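Read through the structure below, which is laid out as structure tokens, and then see the notes.
As the structure is a computational prediction, the values presented were derived from the model and not from experiment.
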Amino acid sequence: MAAALSGSAPAGNARMKAKDISIPIPALATERRLAQRLREHLEEKQLLDRRYQLQQVPGGCVALPVLEEKLSQLCLPPEMPCELVWIQDPVPSRASRRRAPAQKLRDELRQLLDGSWSEELEQDVPHAWQRHGDLVLLSEDSFRAAPWESLGPVLWETVASALGARRIARRGRVLPDGMRTPSVTLLLGQDGWVEHVDNGIRYTFDVTKCMFSPGNITEKLRVASLPCSGEVLVDLYAGIGYFTLPFLVHAGAAFVHACEWNVHAVEALRRALALNGVQDRCHIHHGDSRQLELRDMADRVNLGLIPSSEEGWPVACRVLKKDTGGVLHIHHNVETPPAPTPVLPAEWGSPEAQHPMEDTGNKTVGARIRPEWQRWAETTATRVQGLLVELHGRPWHTRVLHIEAVKSYAPHIHHLVLDLECRPALPT
């Protein structure tokens, strides 16, 4: 789950209670001096979410709400450094409070109950939800009060009508089955299959069987821009195709071997490959990626599993081409305690300098790294090098190309991606 950031908000009824908002909204956090310029840019591109107010976030930054359905269209000038954050308790704008969908929902429910409205019911109606096309996904604590049960199907028909939807579902807790299977109940409609379009890529999945993570949009956009023309890739944790599809559709990969053990995600990936016309350039390996039998064939390996992809490192080393090596994209959650005075050299990491940064609480702003990230990257590079030497019986070199901060989790845990170049040593 994305980090829950709360900023300053007015007191009284203007602020929604935390219980009412359980689904975070996306926002771009930037330095206060750049907030106005960023706002003007977002307004010009019609990306600003006017339903919510700007909010302060830890570190003295300002978060500007953006439209979740347009996250894939984000293209910001380099002079506007910012980072995607998720605000758990957003403050509605004055305009949205005039006749917001949430208010329309309450009005119609009051009419349906014909005078038997109560404070308990008021607190039980959501102010926010996720929309997947014509399907609205409600939070797990919505409509739990006993009076709702007596309404039967008419309740969900009323909710759908008020929110402009045809299908209604309610989320539960993620099941502890190792596959992050969502516990989602379909309340209105025949099936839970939905479609998302990100960066021109069509994703499809059943919301009752699979999860969709909009918080990974920045990494999906970065993957789409990587120079993969003519390369063979292995995606060890493909899911519904979060990264498999950008590699194929935009990055120019010649072929991708996609590994996934969740049968529902495999079906979603098969459908998405066909929707995007790239099914002939991908082979799905259904099963435990640790048992993958491929060897010596990949130019690039994606290890998109958190909190750690360490169990996949030996597999990644085996599938890399033994004569030329390649690049590993290693995902990991790294703990980052507050560090008021970072001392990293500017030249660390990729050729485009990544600069040290001050601690800003739960989120990072800009392409900067912290000492803990550097230590994790160096340790990982050394361990992977050891695996390669042990596997091939000859010297190998590893080099950190880039460290990418995808998102953060409270308290002070960052989802990072390490781009690690791995090459066999040239004979002397």
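- For Glu40, the side chain to side chain contact (heavy atoms under 4.5 Å, CB included) test picks out Gln36, with sequence neighbours left out.
- For the atom pair Asn199 CG and Leu221 CG, the distance stands at 5.0 Å (nearest 0.5 Å).
- Formation of a donor-acceptor pair under 3.5 Å by the Arg106 side chain with backbone atoms of Pro126 is found in this model.
- Rounding to the nearest 0.5 Å gives a distance of 7.0 Å between CH2 of Trp376 and CD1 of Ile403.
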Side chain to side chain contact (heavy atoms under 4.5 Å, CB included) between Arg144 and Asp124, intermediate numbers included: CA-CA 7 Å; Arg144 292 296 186 182; Asp124 209 34; 4.1 Å; yes

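- From Leu320, atom CG reaches atom CG of Leu294 across 12.0 Å, with rounding to the nearest 0.5 Å.
- With hydrogens and angles ignored, the 3.5 Å screen pairs a side-chain donor or acceptor of Glu260 with a backbone N or O of Asn262.
- Remark: the backbone N or O of Gly326 is not paired with any side-chain donor or acceptor of Asp299 at under 3.5 angstrom.
- A donor-acceptor pair is defined here as one N or O able to donate and one able to accept, closer than 3.5 Å; such a pair exists between the side chain of Thr382 and the backbone of Glu378.
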Verdict with supporting geometry, Leu328 and Val384, side chain to side chain contact (heavy atoms under 4.5 Å, CB included): CA-CA 10 Å; Leu328 306 183; Val384 170; 3.9 Å; yes

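- In terms of heavy atoms, Glu372 sits closest to Val334 at O-CG1, 4.2 Å.
- At least one side-chain heavy atom of Leu42 sits under 4.5 Å from a side-chain heavy atom of Val66.
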Pair Trp373-Thr336, side chain to side chain donor-acceptor pair (under 3.5 Å): steps then yes or no: CA-CA 8 Å; Trp373 304 359; Thr336 312; 3.0 Å; yes

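- For the pair Arg39 and Leu48, the minimum side-chain heavy-atom distance is below 4.5 Å.
- The heavy-atom pair separating Leu112 from Leu155 by the smallest distance is CD2-CA, 4.3 Å.
- In this structure, Phe243 CZ and Leu248 CG are separated by 13.5 Å, a value rounded to the nearest 0.5 Å.
- Here the side chains of Leu163 and Arg131 are in contact, with some heavy-atom distance below 4.5 Å.
- Between the OG atom of Ser72 and the CG atom of Asp198 there is a distance of 4.5 Å, given to the nearest 0.5 Å.
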Step-by-step side chain to side chain contact (heavy atoms under 4.5 Å, CB included) determination, Phe205 to Val194: CA-CA 6 Å; Phe205 60 101; Val194 298; 3.6 Å; yes

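- Within the 4.5 Å cutoff, the side chain of Arg270 has heavy atoms near those of the Ile284 side chain.
- The shortest distance between side-chain heavy atoms of Phe247 and Leu226 falls below 4.5 Å.
- Between Ser309 and Leu236, every side-chain heavy-atom pair lies at or beyond the 4.5 Å cut-off.
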Verdict with reasoning, Tyr242 to Glu219, per side chain to side chain contact (heavy atoms under 4.5 Å, CB included): CA-CA 9 Å; Tyr242 292 119; Glu219 180 62 9; over 6 Å; no

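- Proximity of a side-chain donor or acceptor of Lys220 to a complementary backbone N or O of Pro246 within less than 3.5 Å is not detected.
- Partners of Asn276 under the side-chain hydrogen bond (donor to acceptor under 3.5 Å, both in side chains) rule, at least two apart in sequence or in another chain, do not exist in this structure.
- Using a 4.0 Å cut-off between a side-chain N of Lys or Arg and a carboxylate O of Asp or Glu, Arg110 and Glu122 qualify as a salt bridge.
- Residues His329 and Asp419 bring a donor and an acceptor atom of their side chains to less than 3.5 Å of each other.
- Using a 30° and 60° split on the angle between ring planes, His331 and His415 fall in the tilted class, from 30° to 60°.
- Between the side chains of Gln111 and Asp107, not a single donor N or O lies within less than 3.5 Å of an accepting N or O.
- Side-chain contact between Phe143 and Val125 is present, with at least one heavy-atom pair separated by less than 4.5 Å.
- We find that Glu310 and Arg383 are joined by a salt bridge, their nearest charged nitrogen and carboxylate oxygen being less than 4.0 Å apart.
- Residue Arg171 holds its CZ atom at 10.5 Å from OG of Ser183, rounded to the nearest 0.5 Å.
- Scanning all heavy atoms of the two residues, the minimum distance from Val184 to Val207 falls at CG2-O, 3.3 Å.
- Shown here is Arg281, whose CZ atom has more than 12 heavy atoms of other residues, nucleotides or ligands within 6.0 Å.
- Proximity of a side-chain donor or acceptor of Arg170 to a complementary backbone N or O of Ser142 within less than 3.5 Å is detected.
- Counting heavy atoms from C-beta outward, Gln291 and Trp261 have side chains that stay 4.5 Å or more apart.
- Screening His196, Arg167, Glu195 for a side chain to side chain donor-acceptor pair (under 3.5 Å) involving His132 leaves a single residue, His196.
- In terms of heavy-atom proximity, Leu135 sits nearest to Ala169 at CD2-CB, 4.3 Å.
- Val256 approaches Ala253 most closely through the heavy-atom pair CG2-CB, 4.1 Å.
- Asp191 and Trp193 get closest at one heavy-atom pair: OD1-N, 2.9 Å.
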